Amino acid sequence: MEAKISNFFESIGSFFSGGDQIPWCDHDIILGCEREIAENGNDTSDGAKNESIMRLSWALVHSRQPEDVQRGIAMLEASLAGALTPLQKREKLYLLSVGYYRSGDYSKSRQLLDRCLEIAPDFRQALSLKKTVEDRIAKDGVIGIGIAATAVGLLAGGIAAAVARKR
């Protein structure tokens, strides 16, 4: 019985905390990726340069700083058209969906995940993130309904109090 109660409170806590399993990235890692790109400059092959840019994009969309996330989204959107293989496109779509999830645009994240899963239907990270995004959308809907119901209740209570006062 105690375990059931513990699980109940744990699920309520995770409902309000929004605990997802997506890793965060420190600013030091972003700086390291930027340094790598700057040091390599034009001296490296296109493949190595693209890998460095993908590492930086990954770090940016996993950052806790909204401006970093937006920068990562912009980099990925700019490079998406240049994806040469389905694997590259899948990775960029996935990272874009992480960026949009982090920035709070859950519907755009879900749309990109659907495109990603069209390329690779068994991509576990995308499947996991899609479940997280859908749970977040449902949670936001429940919270929205709760806020609306509270507002209606307060309004009805105010009207009832005003009518009772006039009598």
Side-chain angles (χ1 to χ4, degrees), residues 10-148 151:
E10 207 172 282
S11 67
I12 289 176
S14 68
F15 177 82
F16 286 107
S17 69
D20 59 54
Q21 302 300 316
I22 303 169
W24 293 102
C25 184
D26 293 333
H27 193 66
D28 293 339
I29 295 173
I30 294 170
L31 291 175
C33 292
E34 289 173 336
R35 195 175 314 113
E36 176 187 345
I37 291 171
E39 288 172 359
N40 291 338
N42 293 329
D43 299 339
T44 59
S45 69
D46 284 344
K49 189 174 183 179
N50 285 339
E51 285 180 29
S52 296
I53 290 171
M54 281 299 291
R55 278 193 290 278
L56 175 59
S57 298
W58 184 96
L60 289 169
V61 298
H62 286 86
S63 172
R64 292 183 187 271
Q65 304 302 317
E67 57 275 2
D68 288 340
V69 174
Q70 290 304 315
R71 206 173 86 180
I73 289 171
M75 286 177 65
L76 288 160
E77 284 179 339
S79 68
L80 186 60
L84 302 175
T85 67
L87 178 63
Q88 288 176 344
K89 188 171 184 179
R90 178 195 82 168
E91 291 299 319
K92 290 179 182 188
L93 287 168
Y94 174 75
L95 289 176
L96 268 171
S97 66
V98 170
Y100 280 110
Y101 174 77
R102 289 279 193 228
S103 65
D105 190 346
Y106 306 122
S107 61
K108 179 75 172 178
S109 179
R110 182 172 50 182
Q111 177 188 29
L112 290 165
L113 285 165
D114 287 340
R115 287 178 55 196
C116 179
L117 290 167
E118 285 174 11
I119 296 168
D122 59 342
F123 184 30
R124 288 187 184 174
Q125 285 177 296
L127 290 168
S128 175
L129 180 57
K130 185 173 181 182
K131 181 179 180 342
T132 302
V133 168
E134 289 173 346
D135 289 349
R136 187 62 188 242
I137 289 170
K139 178 178 118 176
D140 285 356
V142 168
I143 291 172
I145 289 169
I147 291 170

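Nothing here was measured: the structure is a model prediction, and the numbers come from that model.
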Closest heavy-atom pair, L84 versus Q88, reported as atoms and distance to 0.1 Å, is N-OE1, 2.7 Å

4.5 Å side-chain heavy-atom contact, [X] and [Y]:
| X | Y | result |
| --- | --- | --- |
| K49 | I37 | no |
| L127 | K130 | no |
| Q70 | I73 | yes |
| C25 | W58 | yes |
| M54 | K92 | yes |
| V133 | I137 | yes |

Once rounded to the nearest 0.5 Å, what's the spacing between atom [atom1] of [X] and atom [atom2] of [Y]?
| X | Y | atom1 | atom2 | answer |
| --- | --- | --- | --- | --- |
| L95 | Y100 | CG | OH | 13.0 Å |
| S57 | E91 | OG | CD | 11.5 Å |
| K89 | I119 | NZ | CD1 | 5.0 Å |
| R71 | L60 | CZ | CG | 4.5 Å |
| I29 | H62 | CD1 | NE2 | 11.0 Å |
| D68 | I30 | CG | CD1 | 4.0 Å |

F123 vs Y94 aromatic rings, parallel, tilted or perpendicular, using cut-offs 30° and 60°?
perpendicular

Do side-chain atoms of S103 reach the backbone of G99 as a donor and acceptor pair under 3.5 angstrom?
yes

Is S109 reaching over with its side chain to a backbone N or O of S97, donor-acceptor style, under 3.5 angstrom?
yes

R55 atom CZ: more than 12 heavy-atom contacts under 6.0 Å
yes

Begin with the C-alpha distance, continue with both residues' side-chain angles, and end with the deciding distance and a verdict on salt bridge (Lys or Arg N to Asp or Glu O under 4.0 Å) for D114 and R110.
CA-CA 6 Å; D114 287 340; R110 182 172 50 182; 5.5 Å; no

Qualifying residue, where the test is side chain to side chain donor-acceptor pair (under 3.5 Å) with S52 and the options are E39, E36, E34:
E36

In this structure, which one of L113, V69, L112, L129 forms a side-chain contact (heavy atoms from CB on, under 4.5 Å) with Y101?
L129

Sole candidate of D28, L56, I53 that passes side-chain contact (heavy atoms from CB on, under 4.5 Å) when paired with C33:
L56

Could you walk me through whether Q111 and K108 pass the side-chain contact (heavy atoms from CB on, under 4.5 Å) check?
CA-CA 5 Å; Q111 177 188 29; K108 179 75 172 178; 3.5 Å; yes

